[in-house]
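The block underneath contains the structure these notes are about, expressed in structure tokens.
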Amino acid sequence: MTLDPVVLFFLLGLAAALARSDLKLPPALYETLSVFLLIAIGLKGGVALAKLGSATVLWQALLVIGLSALLALVAFGVLRLRLARPDAAATAAHYGSVSVVTFAVASSYLTRQGISYEPQLTVFLAVMEMPALIVGVVLARLGAQGQVAWGRLAHEVLLGKSMVLLLGGLLIGYLAGPEGMKSLSPLYVDLFKPVLSLFLLEMGLVTAGKLAGLRAQGVFVALFALLTPPVFAVVGALTGQGMGLSTGGVMLLATLCASSSYIAAPAAMRIAVPEANPAVSLAASLGVTFPFNLLVGIPLYAWLARTLTA
Amino acid sequence: MTLDPVVLFFLLGLAAALARSDLKLPPALYETLSVFLLIAIGLKGGVALAKLGSATVLWQALLVIGLSALLALVAFGVLRLRLARPDAAATAAHYGSVSVVTFAVASSYLTRQGISYEPQLTVFLAVMEMPALIVGVVLARLGAQGQVAWGRLAHEVLLGKSMVLLLGGLLIGYLAGPEGMKSLSPLYVDLFKPVLSLFLLEMGLVTAGKLAGLRAQGVFVALFALLTPPVFAVVGALTGQGMGLSTGGVMLLATLCASSSYIAAPAAMRIAVPEANPAVSLAASLGVTFPFNLLVGIPLYAWLARTLTA
Amino acid sequence: MTLDPVVLFFLLGLAAALARSDLKLPPALYETLSVFLLIAIGLKGGVALAKLGSATVLWQALLVIGLSALLALVAFGVLRLRLARPDAAATAAHYGSVSVVTFAVASSYLTRQGISYEPQLTVFLAVMEMPALIVGVVLARLGAQGQVAWGRLAHEVLLGKSMVLLLGGLLIGYLAGPEGMKSLSPLYVDLFKPVLSLFLLEMGLVTAGKLAGLRAQGVFVALFALLTPPVFAVVGALTGQGMGLSTGGVMLLATLCASSSYIAAPAAMRIAVPEANPAVSLAASLGVTFPFNLLVGIPLYAWLARTLTA
Amino acid sequence: MTFHSKKLLTIVTESVLEGQLVEDIRRLGAHGYTVCDARGGGTHGVQGGAWSFDANIRIDVVCDEAVAGAIAERCRSRYLPHYGMIVYVSEVGVLRPEKF
Amino acid sequence: MTFHSKKLLTIVTESVLEGQLVEDIRRLGAHGYTVCDARGGGTHGVQGGAWSFDANIRIDVVCDEAVAGAIAERCRSRYLPHYGMIVYVSEVGVLRPEKF
Amino acid sequence: MTFHSKKLLTIVTESVLEGQLVEDIRRLGAHGYTVCDARGGGTHGVQGGAWSFDANIRIDVVCDEAVAGAIAERCRSRYLPHYGMIVYVSEVGVLRPEKF
Ligand SMILES: Nc1ncnc2c1ncn2[C@@H]1O[C@H](COP(=O)(O)O)[C@@H](O)[C@H]1O
Ligand SMILES: Nc1ncnc2c1ncn2[C@@H]1O[C@H](COP(=O)(O)O)[C@@H](O)[C@H]1O
Ligand SMILES: Nc1ncnc2c1ncn2[C@@H]1O[C@H](COP(=O)(O)O)[C@@H](O)[C@H]1O
Ligand code: NA
Ligand code: NA
Ligand code: NA
């Protein structure tokens with residue numbers, strides 16, 4: 001089983017930054033690539049939904065919303081063993097939420113293996129971003145004196161960039177349907193994977209910086225960041241099996257549970273839980289969990305899904 | 001008749017900004033997309049011209065130059081009913097000039113409907129940008145004490161970004177011909193429409209801001225911005241019919257007349273007519289006329305062209 | 001023999017800047033395009049290497065490393081006739097090193113003519129960037145009081161952006177192989193040439209500025225910049241012939257020798273040889289040699305290669 | 001040329017705070033503000049500028065002493081304890097004092 | 001270290017004016033200038049920075065008092081009535097006075 | 001509000017020097033620094049900002065007088081003879097003096 005070339009781009013970025021190369025991509029490129037990925041994933045899901053009777057999607061979406069809130073609670077319970085409440089809560093929010101890029105690499109993995117998956121997985125990606133963020137804020141605030149600016153938080157989360165682009169893409173894809181998408185696919189479909197490769201190069205560069213911050217956080221955080229993904233993946237895979245998903249669907253739901261956010265969550269937590277030290281959650285989420293999922297997790301979860309749905 | 005998906009992107013941007021989402025595209029992306037669109041449109045026209053005997057194009061070009069100067073004069077006459085001379089002149093310049101993106105959406109509309117159009121329409125797009133700007137400056141200066149820095153204005157207009165890229169693209173397309181363009185078409189042809197979708201997302205975000213400014217300008221400006229496009233479209237369509245253009249050509253000339261500039265004109269007017277308040281012309285041109293043309297105008301002008309050329 | 005359309009983009013940029021147009025591409029776009037070109041060239045070479053037994057590549061690489069160090073020495077000898085030691089050394093480093101974009105245009109030229117070339121030429125491109133830079137610094141330091149910060153220089157050169165991306169791309173292409181590259185080729189292969197066209201537009205804009213600086217440097221520098229390319233091309237072509245390369249390979253090695261660096265070299269020299277005036281080397285390298293190679297050199301070297309390998 | 005004496009208040013902080021700070025600045029009585037993107041380093045580590053959570057902004061406000069004091073106080077109580085931030089003031093002379 | 005006293009003149013305005021202002025600054029005797037992209041808000045509304053007509057620049061000029069006065073006067077008469085713009089000066093100490 | 005007196009040292013120079021200058025600034029005792037991208041013009045010609053070798057940066061350091069002097073001295077001896085660069089200092093008042 002050879003590595004997906006897009007993962008090699010991640011390793012290149014990582015190696016370059018660790019060797020202290022001056023390689024640096026312009027901030028505007030990073031922003032552009034993330035806008036592109038979010039829209040492209042949304043469109044793909046929307047087009048697939050358009051082909052589907054969407055009857056069962058609703059309760060499935062409710063189920064995964066509950067699941068990700070639950071995972072955030074579990075993560076908090078574990079993290080509280082060693083971390084202060086704000087840090088535990090903010091980090092738990094990252095792990096209950098999901099990573100768009102990990103999802104993208106996992107779906108590209110499935111494509112390579114010729115395994116299909118249900119279109120609603122993209123809907124799950126969208127709806128699983130938010131609930132854990134709310135859980136995180138509530139946990140941080142319980143027993144603290146400060147009040148929560150709920151208005152600002154709701155706004156931050158519901159109208160945050162990734163939410164708007166994912167859901168907007170879903171809707172446009174749904175309305176345009178396979179016919180309307182034809183003229184858009186040379187960008188959003190054909191270029192998806194190579195654009196992902198550039199994004200992962202950038203991720204490698206940034207991850208290296210966060211890895212450095214890991215040492216300061218100690219062994220507990222590192223272990224948490226390493227062990228949570230496979231455990232959460234099992235929970236996700238079993239849920240997916242229970243929902244009657246296909247092998248690809250089970251694998252992607254496992255990946256979503258195993259993945260942790262590093263785009264939406266850091267921004268939301270920084271504003272809603274200022275007392276939390278962002279170095280803790282980023283070192284875990286970006287420094288350890290993201291590369292683990294990319295290099296080890298994804299093939300593992302695919303094997304798990306195959307086994308469960310055999 | 002369903003909406004072109006690129007128009008859905010515009011609506012997404014508009015909705016996001018009206019809901020005060022923090023979605024924001026990097027300025028460098030906006031610049032890049034506009035450079036791309038200008039070159040791509042120019043190349044397309046140039047390649048088409050290369051296939052054509054360009055005998056009649058010259059007098060047609062002179063005709064549309066005169067037409068757009070005339071439209072600016074008419075717009076000024078109407079606007080002077082309520083606005084101060086500088087505001088009326090600057091706004092008239094916007095409406096005599098043309099919108100590259102509206103042209104792009106209209107030509108994508110024709111492609112979707114399988115209607116072809118004459119290559120010189122792209123030439124018209126290029127030559128119709130400038131004359132109204134000069135008319136606007138002259139009107140602003142008549143009876144005013146300040147002098148016009150004609151040199152600076154000519155420079156601004158003739159060597160402005162959009163002029164250079166459109167005409168440069170035309171020339172390169174003409175010289176390279178269909179053969180030479182083959183290797184360039186994966187970007188400039190195949191990706192044209194999806195790139196347009198990203199640009200329209202950005203346009204939606206910006207339009208929302210200008211819509212807000214509309215309230216301050218009052219009902220007269222709003223009505224002007226709403227009624228001018230269909231009226232000017234009729235003038236353009238009749239001219240096109242008189243020139244013996246095909247259905248597609250008539251439709252595009254109508255669209256050019258109906259559209260108003262919001263890239264070249266604001267920059268030129270800001271420098272040449274400093275007394276004009278840019279909030280007036282942008283609220284009209286970007287806040288009302290652009291979305292009107294996109295959502296209502298383009299299908300309307302297509303119907304008009306079909307009727308006239310039936 | 002008609003001009004490659006990508007060269008027309010260079011001329012457009014040049015003309016626009018000379019006419020003092022306000023056309024300007026955003027800095028982030030320039031950075032992005034150069035990242036893209038470096039990766040794409042690397043990937044292409046790597047995939048080709050994967051198909052090849054790489055036995056002979058090693059000694060060939062050593063040979064061209066020696067060649068480019070030698071060319072830097074020769075250039076220094078000539079430049080010392082008129083220039084101060086630091087300026088002569090820094091400029092010599094530029095001419096011993098190579099230009100990635102010139103290589104890209106030359107390989108696009110070959111593709112258009114249906115001439116193939118050996119995959120190791122991309123390896124040569126990578127390894128010929130560095131040696132002349134080291135030679136340049138040594139020459140600048142001989143007999144000067146200051147010490148060389150060798151550590152910083154090695155770091156600057158070996159881990160500079162262009163090195164990391166070229167070699168990284170080579171490695172990824174080699175590991176991924178033709179199969180793995182399939183999903184990446186819609187970006188890195190199909191869009192290579194049109195992206196190159198945008199880059200050349202930018203190069204035209206920048207070159208115009210450096211041409212202006214040329215007058216201050218006098219006739220000696222201009223002549224050097226004009227005569228060195230063909231002379232070095234002959235040396236390169238003969239070396240290539242001696243190595244038993246095909247027509248395409250001979251042509252590209254000639255082009256590499258004839259080309260001069262304006263990305264890696266200026267940055268490295270600015271840091272390692274601060275006394276050198278960057279206006280001298282950039283006027284020569286970017287103002288004269290680059291356009292000469294693009295417009296005259298490439299067809300000339302192709303003719304030379306055909307003659308030698310006939 | 002007569003220049004009228006005002007205060008220039010400068011804040012360098014995490015870019016995630018831009019929205020909140022602009023709101024604060026307006027509410028506390030400033031008539032304007034200017035924002036630039038920045039990167040940097042300090043006691044909270046290096047902000048390289050690549051990602052939103054990794055980037056800084058620099059906000060400049062020209063205002064009178066009372067407003068400068070109010071904004072600085074707001075920063076001190078609300079943001080300085082938790083965010084990477086520095087705040088400083090200097091003396092400037094402005095052309096049209098009524099604008100500030 | 002000896003620092004020599006100079007003026008620092010700062011202009012924040014619409015980016016469309018960059019070309020003209022740089023010409024003015026040179027013509028009025030300054031030996032250099034520095035420009036940064038900026039966004040902001042003031043009496044002419046919010047300049048979000050996304051489009052050219054929606055973006056600001058910030059220009060800094062270090063010069064002596066006479067030149068600062070001349071540039072400020074030029075801004076006051078030519079640009080301030082029509083454009084979104086602020087102008088302010090402050091005292092700085094420079095290393096090499098002959099450069100300014 | 002009490003503001004404590006510090007120095008603000010500003011360097012505008014070629015962006016290629018960013019790495020070296022940041023190292024110098026840390027080594028000479030500053031507790032932080034802020035960098036913005038810039039373009040401009042001076043005795044070394046126009047830096048248009050498009051390419052790395054054509055772009056400037058602006059570095060601001062808030063520090064005490066001794067550190068400002070040391071950094072300025074380093075710039076004077078090491079960089080000013082060869083690079084496009086200006087250096088100037090001004091007086092600022094900071095909120096939390098212990099940070100600088
Ligand atoms: N002494 C300083 N001089 C200039 N900028 C500073 C200084 N200290 C901190 N900064 C800036 O303020 C940000 C936050 O500072 P800190 O809270 O010290 O991490 C840094 O990322 C720098 O951009
Ligand atoms: N009080 C202020 N402090 C800092 N910047 C300001 C201030 N007022 C205006 N500006 C800047 O100057 C630009 C033009 O100002 P105005 O003419 O007031 O709209 C604004 O967009 C801001 O970037
Ligand atoms: N008088 C000045 N005022 C403001 N910035 C300046 C001045 N002189 C030079 N600069 C900036 O410093 C850079 C290097 O200056 P120089 O060494 O004079 O070429 C220029 O590119 C400008 O960005
Ligand atoms: Na998760
Ligand atoms: Na019009
Ligand atoms: Na060479």
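Below, chain A is the first sequence line, B the second, and so on; all start at residue 1.
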Checklist line | Charged N-O contact under 4.0 Å between C:Glu179 and A:Arg112 | finding: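 Salt bridge absent between C:Glu179 and A:Arg112.
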
Notebook entry, point to check: Do C:Lys161 and C:Glu31 sit within salt-bridge range, that is, some charged N less than 4.0 Å from a carboxylate O?
Noted result: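 Salt bridge: yes.
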
Check: Most heavy-atom pairs under 4.5 angstrom with chain A, which of C:Ser183, C:Pro27, C:Gly180, C:Ala176?
Finding: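 Most heavy-atom pairs within the cutoff with chain A belong to C:Ser183.
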
Next item on the list: Check each atom of A:Leu201 against the heavy atoms of chain C and say whether the ones under 4.5 Å are side chain, backbone, both or neither.
Entry: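 Interface part for A:Leu201: side chain.
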
Item checked: Region of A:Phe192 in contact with chain C, defined by heavy-atom distances below 4.5 Å ->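 No part of A:Phe192 comes within 4.5 Å of chain C.
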
Where does [X] contact chain A at under 4.5 Å (heavy atoms): side chain, backbone, both or neither?
X	value
C:Val35	side chain
C:Leu191	side chain
C:Ile39	side chain
C:Leu171	neither

Margin query: Can you confirm whether C:Tyr30 sits close enough to C:Leu25 that some side-chain heavy atom of one is under 4.5 Å from a side-chain heavy atom of the other?
Written below: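 Contact flag for C:Tyr30/C:Leu25 side chains = no.
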
Notebook entry, point to check: Under 4.5 Å between any side-chain heavy atoms of C:Ser68 and C:Pro131, yes or no?
Noted result: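 A side-chain contact under 4.5 Å exists here.
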
Next item on the list: Kindly assign one of parallel, tilted or perpendicular to the pair C:Tyr117 and C:Phe103, based on the angle between their ring planes and the thresholds 30° and 60°.
Entry: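 Ring orientation, 0 to 90° scale: perpendicular.
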
Next item on the list: For the pair A:Phe36 and A:Tyr188, name the ring-plane relationship: parallel under 30°, tilted 30 to 60°, perpendicular over 60°.
Entry: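 Because their plane-to-plane angle is under 30°, the rings of A:Phe36 and A:Tyr188 count as parallel.
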
Note to self: If we define contacts as heavy-atom pairs under 4.5 Å, which of A:Ser108, A:Ala28, A:Pro186, A:Ala19 has the most with chain C?
What the structure shows: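 Of the candidates given, the most pairs with chain C belong to A:Ala19.
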
